[in-house]
Amino acid sequence: MSDWRAVCDKFTNAQHLTDVESRNDPENDPFRSKYKARELLREIYCSLKSFEAGEGEEDSGKLDGFGQGFSGDSPAGLRAAKLGAVEYYLGVNHVDTEELSAGQEHLTNCMKLLERCRVSSENVSLFLHNQLGILWAGRDEMEQAQGYLETAESIYQHYMKEVKFELAYTHTMYYLAQVYKNIGQTERAATYCQSTLQRQLQLNQFSPMEWALNAATLSQYYITKGKYMEGRHCLSAATVISGLAGEVPSEAAAQESETECERREQLRQKRAEIARCWIKYCLNLLQDAKKLLEDNIGELDTDRQEELTRQRRRDEEEEEKGRKSALLFGSEDTFDSIATVEERVLCLFPLDFTEARSVFLVGQNYVTQAKEYYQMDGYVTDHIEILQDHSALFRALAFFEEDMERRCKMHKRRVDMLEPICNDLNSQYYLLIRRQLMFELAETYSDMMDLKLTLANRQADTQSLDNHTIKKFNHLCSASAKYFQMFLDSLRSPEGKFPEHLEDDVLRPALVARFRVGRLQSRLISSSLSVQMENLSKSLEDYKYVVDYCETHPAAAHAVETELELSKEMVDLLPLKINRLKAKMAANN
């Protein structure tokens, strides 16, 4: 017994060195304590082997087969489990000191020792804390990791009545979720992620903010699959569970304590990230509804709208059934709170302006929350991405607005929030973001121009447009062309030369921009024949560029099929218009 006591003491010391002393190791010798722990583990292994030798040849022979034919709870099985445990801790030790091959060898030895008798209370936990699966996952060897982790899962299913293994199994499920994600099995990964989160709640073993962020992240998968009920449930649960982390400490408290300051920043950041996930939910719901309702020119299809409205009652009944069968997070304490958050926003597609506006307002509220943390000073990229989402929310809402004037004002809001940012950003550091903003501003001004012309044409034909309307139309037309041209100019070399070959990432945007500039030039309204001819000549030049580029780069034609077809038509038509203008000018002279 004294020998066994010595072994136990050595193991306790090895664990203390690993878990406690190692935290204080110097930077120039970061693994000092873990190397000492390794020596103790090796001594323990030798001691266990000597105990085995003293037990007699009969049992020893059984162990040579690594558990051939013996029960996990037999004396021989218990000795195998002890040796396997030491191999396990030696394996983890080598992994911690970044000696992965040696770690793999020890962990494999552990698996072999336990393979024939693994379902026993002493050794099943070693399989569930499956370091080999985690090690292979860390090496991006996902198929290897998948095999080990699925083995751990099947052992749990066989031995699931043992409560002490619940946390270990949850750990296994967490890594399986990562593995399935990395090998492209996203649906399976989402299922395991959801199960992991639910188990953490059931076992009351979770960090509120970490859990909430994981649930919010899971919502994004469901959103991309059009499963808005599940996505809303994940986000509602994230909102409720994040509340368990308590209030954000005041700034005064943060100044008094560095720990409180860090906690304050973490809470603010993670809640802002959850808010951003809510923004994406609202935005995607509106955009998917728009796709469902728009006709072939991008306007609201009223027949389709009426058809879907008639189906709404049936959909609402299905929603209630779906809610009961959908994944459900929480406990008796949180179910009602989560349901209350869910009721604040639709999970069915909005079918009219009132419904769309209710979704928009929820999204806009989360925009405000997210911007409180991600401010321009310090978080330039994040802040602009949030502004772009806010702009996209307005654009999606405008689709549902029947009043042209109000729709135009929504687009004006987009211009007002993006234009100052675009003009102030440093092109050297934020070139890609500026290009995105230029393109969006160009399209927004173009949408406003079309709306203004539609409004004017309802009252009179183009020939009778008053000077104010013409001036406004030309301003919007020129502003759109200006931003498309700014985008094109951003592609020039430092010497000002436009590239002869457009890279794949800018090929379509560049050709579309050139096409749109040509279209805008030809739409400018002027009573001067010479100005009309100048505008048409510039327009012809832009259309001709698109045609010529696609002729010299045939592969580019697939990226702009519609624009290329229209450009070819305009290259044929515009010279005739220009010649008629020339003849008219000559006749006037």
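Hydrogens, waters and symmetry mates play no part in the numbers below; they use all other heavy atoms, side chains included.
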Is the closest side-chain donor-acceptor distance between E440 and Q388 under 3.5 Å? no
Looking at side-chain heavy atoms only, is the closest gap between R276 and I386 below 4.5 Å? yes
Can the ring centroids of Y379 and Y373 be said to lie less than 6.0 angstrom from one another? yes
Taking C-beta and beyond as the side chain, do F31 and E98 meet within less than 4.5 Å on heavy atoms? yes
Are the aromatic rings of Y228 and Y222 close, with centres under 6.0 Å apart? no
Check whether F487 forms a cation-pi arrangement with R434 (NZ or CZ under 6.0 Å from the six-membered ring centre, at most 45° off the ring normal). no
Do L83 and K49 make a side-chain contact, defined as non-hydrogen atoms from C-beta onward lying under 4.5 Å apart? yes
Any non-hydrogen side-chain atom of V92 less than 4.5 Å from a side-chain atom of D96? yes
Is there a side-chain contact between S33 and T18 (heavy atoms, below 4.5 Å)? no
Side-chain H-bond candidate by donor/acceptor type, W278 with T239, under 3.5 Å: yes
Kindly say whether A238 contributes a backbone atom to a donor-acceptor pair with the side chain of W211 at under 3.5 angstrom? no
Can you find a pair of side-chain heavy atoms, one from Y89 and one from Q15, that are under 4.5 Å apart? yes
Donor-acceptor pair, side chain of N214 and main chain of E210, under 3.5 angstrom: yes
Drop me the distance from I433's CD1 to N426's CG, to the nearest 0.5 angstrom. 11.5 Å
Quick check: are there more than 12 heavy atoms from other residues, nucleotides or ligands sitting under 6.0 Å from NZ of K280? no
Less than 4.5 Å apart, any side-chain heavy atom of R508 and any of L502? no
Determine whether the side chains of Q364 and H390 contain a donor N or O and an acceptor N or O closer than 3.5 Å. yes
May I ask you to test the F439-P509 pair for a side-chain heavy-atom distance under 4.5 Å? yes
